[in-house]
Number of protein chains: 2
Amino acid sequence: MNKNNLEIYLDADNCPVRNVLDRIGDKWSVLVILLLGDADTLRFNEIHKYIGTISQKMLTVTLKKLEADDLIHREVYPQIPPKVEYNLTERGQSLLPNLKNLVSWANDHMMEMKK
Amino acid sequence: MNKNNLEIYLDADNCPVRNVLDRIGDKWSVLVILLLGDADTLRFNEIHKYIGTISQKMLTVTLKKLEADDLIHREVYPQIPPKVEYNLTERGQSLLPNLKNLVSWANDHMMEMKK
DNA sequence: AATATTAATTACCTTAAGGTAAGTGTCTTA
DNA sequence: TAAGACACTTACCTTAAGGTAATTAATATT
């Protein structure tokens, strides 16, 4: 057994698995990142309409968390009615391939898993 | 914007992102998979000791879910006291690289993120 | 005047995740 | 005879995630 890997996974306070899942393991974060990865730039209501089933509250909460982690950038246009645009940061872009790999793994294997 | 990808991500009832996160997006699943990926075969109490902070209850719940999704295999030895060994299935093995990529992304980026 | 628009915010509620602590069965060992 | 090992199971409780619905500010449109 590889002690190095074990130490990395299990170092309780500094566990990368925990850190990453605590941030994007919620119901909506990954979806928003993938969406912005494809769409480049989207306004609040555009994301809201695309996802369809997300509540306004959870969309703002999700966007704020992603912004706090520097995964998305938020650009406010000082006009009325308000206009706010979102797009991925460099860090968000760097996460994208990992998520897309997960998606394609899911497409390959999820069908066979019974509900 | 790529309509194909969007349709894949957003198809509410059949969304691969949701499917995969619903199954391994919980607090312990990924950790257990990574552990079994390194250790090959582990008994219940070995996993319990390695992770340290997981409760017995959550370990059994986690293992049962992973087994139901055919991500880990459970081998019972009919002896007393009981002996049960766990290891990754082929499907679990196929997920492993994706998770390791996520871990290494986390190692590269999580330090910079403030708590 | 009244209504629509946009991106939130707030109060309230429900559900689910996960923790603690105790108990189970069967055998072995001190 | 009592305790220990092992892999759970059960009852109970707390916390957090996420949902609904109403409200906001400032302006343009009808």
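Atom set for the values below is all heavy atoms of this structure, side chains included, hydrogens, waters and symmetry mates excluded. Each chain gets a letter, A, B and so on, in the order the sequences are listed, and its residues count up from 1.
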dA7(C) phosphate, OP1 or OP2, under 4.0 Å from Asn45(A) side-chain N/O: yes

Quick one: on DNA chain D, does Lys64(B) or Lys65(A) contact a more 5' nucleotide (nearest heavy atom)?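 In this pair, the answer is Lys64(B).
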
Nearest-Å distance, CG (Leu59(A)) to P (dA8(C))? 8 Å

Separation of Arg74(A) atom CZ from dA7(C) atom P, in whole Å? 10 Å

Nearest-neighbour nucleotide for the Lys57(B) side chain, dT6(C), dT20(C), dA8(C) considered: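 Among dT6(C), dT20(C), dA8(C), the one nearest the side chain of Lys57(B) is dT20(C).
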
Any chance you could list the contact pattern along nucleotides 23-30 of chain C? Use B for base contacts, S for sugar-phosphate-only contacts and - for none, protein heavy atoms under 4.0 Å, 5' to 3'. --BBS---

Taking C-beta and beyond as the side chain, do Ile72(A) and Arg74(A) meet within less than 4.5 Å on heavy atoms? no

So where does chain A start and stop touching DNA chain D, 5' to 3', when the test is distance under 4.0 Å to a non-hydrogen atom?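 Listed 5' to 3', the contact boundaries are dG18(D) to dT27(D).
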
Closest approach of [X] and [Y], non-hydrogen atoms and distance?
| X | Y | value |
| --- | --- | --- |
| Leu59(A) | Val32(A) | CD1-CG2, 4.3 Å |
| Leu34(A) | Lys100(A) | CD2-CG, 4.1 Å |
| Met110(B) | Val20(A) | CE-CA, 3.4 Å |

Among all residues two or more places apart in sequence or in another chain, which pass the side chain to side chain contact (heavy atoms under 4.5 Å, CB included) test with Gln79(B)? Tyr77(B), Lys83(B)

Which side chain to side chain donor-acceptor pair (under 3.5 Å) pairs, counting each pair once, include a residue from residues 56-66 of chain A, with sequence neighbours left out?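 Non-adjacent pairs meeting side chain to side chain donor-acceptor pair (under 3.5 Å): zero.
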
Sequence neighbours left out, what passes salt bridge (charged side-chain N to carboxylate O under 4.0 Å, His left out) with Glu46(B)? Give chain and number order. none

With heavy atoms under 4.0 Å as the rule, sort Tyr77(B) into base, sugar-phosphate or nothing.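 Answer is nothing: Tyr77(B) stays at 4.0 Å or more from every strand.
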
Sequence neighbours excluded, every pair satisfying ring-ring contact (aromatic ring centres under 6.0 Å, His included) that has a member inside residues 78-108 of chain B: Trp105(B)-His109(B)

On DNA chain C, does the nearest nucleotide to Arg43(A) precede the nearest nucleotide to Trp28(B) from the 5' side, or the other way round? Give the residue.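 Its nearest nucleotide being more 5', the pick is Arg43(A).
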
